[in-house]
Undergrad: 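I'd like to ask some things about the structure below.
Being a predicted model, the structure only gives us computed values, none of them experimental. Both ligands and their constituent atoms are indexed starting at 1 by order of listing.
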Amino acid sequence: MSNKYILLLLMLFSVDAHADDGYRLWLKYDRIQDAARRKEYLRFAGFVDLETPSSSIQMAAKTELLRGFEGMLGAKPAIAGRKTGGIRLLRDQHLPDEGFRIELKGGNLLVSGGSDRGILYGAFTLLRLIQTGQAISKLPISESPKVQLRMLNHWDNPLGTIERGYAGASLWKWYELPEVIDPRYTDYARANASIGINAVAVNNVNASARFLTAEYLQKVKALADVFRPYGIQVFLSINFASPKILSGLTTSDPLDPQVRQWWREKTEEVYRYIPDFGGFLVKANSEGEPGPQEYGRTHADGANMLAEALKPHGGRVIWRAFVYSPDPRGDRFREAYNEFKPLDGLFASNVIVQVKNGPIDFQPREPFHPILGAMPHTPLALEFQITQEYLGFSTNLVYQASLYKECLESDTYAKGKGATVARIVDGSVHAYSITAMAGVANTGSDRNWTGHLMSQANWYAFGRLAWDHTLGEADIADEWIRMTWTKRPEAVAIIKDILLKSRQIYVDFTTPLGLHHIMGQGIHFGPEPWLEKSARPDWTSVYYHRADSVGLGFDRTATGNNSLALYRPEVKQSWEKPETCDLNYLLWFHHVGWNKRLSTGNTLWDELCTRYYRGVEEVARMQAQWARIQPWVDAEMFADVAGRLAAQHREALNWRDACVLYFQTYSRMPIPAPYKAPERTLEDMKKIVAWYQLK
Ligand code: GCW
């Protein structure tokens with residue numbers, strides 16, 4: 001063979017073996033290498049039988065099973081007339097609505113569901129078992145979701161941009177819809193169904209009234225038609241001033257009869273397009289959005305008006321609690337609580353109040369929101385942010401299951417010990433009639449959906465935890481890695497280690513010890529701790545870190561503004577004293593002297609510097625770890641992550657240098673050994689960050 005020929009062969013081989021761009025997410029269905037395992041499942045590759053062939057959801061389950069079996073086992077289950085050696089999908093009234101059971105029975109694999117959706121989730125779970133290399137002896141398996149509405153919130157705009165989206169443009173090609181149906185919509189729905197997501201709000205909560213026009217309702221209907229066979233219900237974010245904007249009414253007052261009539265008629269129109277429409281998601285009287293308070297009405301008045309219009313159709317109102325008034329003397333920490341707590345019990349039965357995980361805004365680490373556990377008579381939904389607005393966009397590797405779990409497992413003590421956020425949200429503490437968990441989507445038109453390939457894990461983990469919040473972040477990581485990257489144990493272990501440490505690493509080089517909201521103004525990227533002027537005081541950084549010659553941090557205890565008192569006594573007590581407060585939350589609640597000795601043995605200043613420096617070192621360590629897995633994973637995917645880790649290292653250095661140099665102007669203390677002072681000056685750093693702001 002000539003050298004040229006060998007080279008050609010090599011090239012062909014490498015194109016073939018390394019052509020993964022991440023589009024298939026965790027649903028790769030590549031051929032199972034383990035022959036014994038393959039044989040186990042091949043015994044059931046004869047056929048897939050449906051109980052109700054006319055059910056589009058059962059059909060979707062079947063199509064997926066065929067696809068998975070063909071890919072993973074190399075078999076096309078298509079043998080007609082056989083009784084054994086296949087898969088049967090059927091409904092079982094005794095199972096919970098969306099629950100399923102997978103078992104071996106009568107020589108077949110039986111996937112039963114309490115509903116068609118249950119069957120669909122069972123089918124995806126069976127495929128996951130095969131994908132992750134589980135033995136068939138794991139069966140039977142029964143599961144049902146802990147939360148009813150498992151939802152993605154897209155912050156997508158009518159012109160195709162995404163607010164806080166870092167993976168390209170909107171997935172929804174509004175100009176082409178409803179005539180052109182991008183096959184990608186189906187792949188999106190498959191991915192969601194595979195992790196149990198059953199609801200999607202397709203547009204931004206900073207909502208354009210345009211979504212309620214006939215023009216856009218037709219487009220949204222087209223999406224709903226694609227999503228329906230995957231068990232996904234569509235919701236719309238609405239603009240509260242729509243009656244004024246769209247129909248020229250003189251008011252949008254929720255107690256005005258004409259306005260109420262307008263919403264009834266509009267809602268009927270929506271249901272004519274989408275008979276199983278989920279309802280409205282509402283951001284009102286927040287960050288400039290219109291709302292009932294303009295008319296002297298409460299959030300409950302506004303929500304109940306919409307609830308009344310939706311009720312006859314079985315729809316719901318999801319009303320967001322993310323509100324804060326521009327009172328410079330106030331503390332944004334407590335404003336949602338102050339607004340909503342007095343309304344507990346005043347909302348209609350089809351209203352859910354949606355609360356962000358923390359009291360400020362999706363920071364890298366926040367204490368749980370004090371409203372959680374404080375509204376026994378109002379179903380509260382939990383909102384996480386999957387897109388990485390405050391987590392370094394799509395160049396930073398942050399596995400957010402750690403963040404989600406930390407919040408879910410926080411104890412609110414709402415009814416004594418054990419009233420965790422998870423148990424508030426799943427309704428078990430206060431017997432909520434509706435339960436919901438929402439994640440602000442991180443998807444976009446990028447070929448790999450999420451920009452950073454590792455951010456796919458956050459979409460995945462959100463869905464898995466919304467389904468079952470008791471799952472561990474390490475187990476979820478394990479599944480995802482096996483389906484997405486490799487099953488090689490050495491590589492799985494390394495990738496898992498990277499994922500599990502990544503969130504703390506990000507916290508360390510950006511906002512250690514409970515610092516928060518010191519990022520670049522507006523874009524929310526990069527450091528800007530020196531920011532002291534903005535349209536609102538609570539959009540600056542100095543408002544939050546309160547650095548002075550004495551120390552650092554926001555005193556929210558009784559000696560300060562006492563926001564800590566919003567929590568139950570047990571929680572309050574655990575954070576009340578700087579000596580015993582978890583260091584992760586220290587500067588959320590305390591103004592601590594630079595020289596104060598912490599439980600680590602270091603002074604505050606030394607500990608702060610140590611964490612900033614260690615954070616950067618840890619990014620370098622992730623890079624080194626990543627380099628080791630190259631032989632075992634797809635080349636294109638490997639290179640993409642390697643590049644992003646290098647970018648993350650550069651950005652981590654920016655954070656470190658900017659923050660230690662800036663805080664040093666207050667502490668007036670040297671960078672502790674063995675660390676060396678940054679080579680750049682504070683002025684250099686200010687320049688770099690100013691460039692971030694250029695348009
Ligand atoms: O975090 C802030 C974001 C806004 C967002 C808002 C919200 C959709 O910076 O972009 O608006 O939260 O959650 O409403």
Undergrad: Under the side-chain hydrogen bond (donor to acceptor under 3.5 Å, both in side chains) rule, collect the residues that match up with R656, sequence neighbours excluded.
TA: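 With neighbours one apart ignored, the set is empty.
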Undergrad: Enumerate the salt bridge (Lys or Arg N to Asp or Glu O under 4.0 Å) contacts for residues 505-515, please, sequence neighbours excluded, ordered by first and then second residue.
TA: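 Listed by first then second residue: D508-R614.
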Undergrad: What pairs with R297 under side-chain hydrogen bond (donor to acceptor under 3.5 Å, both in side chains), at least two apart in sequence or on another chain?
TA: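 Partners of R297 by the side-chain hydrogen bond (donor to acceptor under 3.5 Å, both in side chains) criterion, ordered by chain and then number, come out as D253.
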Undergrad: Does some side-chain heavy atom of F340 sit less than 4.5 Å from a side-chain heavy atom of V323?
TA: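 Of all side-chain heavy-atom pairs linking F340 with V323, at least one is under 4.5 Å.
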Undergrad: Might you list the protein residues in contact with ligand 1, defined as having a heavy atom under 4.0 Å from one of its atoms, sorted by chain and number?
TA: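 Heavy-atom contacts below 4.0 Å: W155, E163, R164, N204, V205, N206, K283, E287, R320, F322, K356, D361, E389, Y390, H524.
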Undergrad: Quick check: Y506 with F509 (ring centres under 6.0 Å apart)?
TA: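 Yes: the rings meet the under 6.0 Å criterion.
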Undergrad: If you take all heavy atoms of Q385 and Y404, which pair is closest and at what distance?
TA: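 Minimum heavy-atom separation between Q385 and Y404: O-OH, 3.7 Å.
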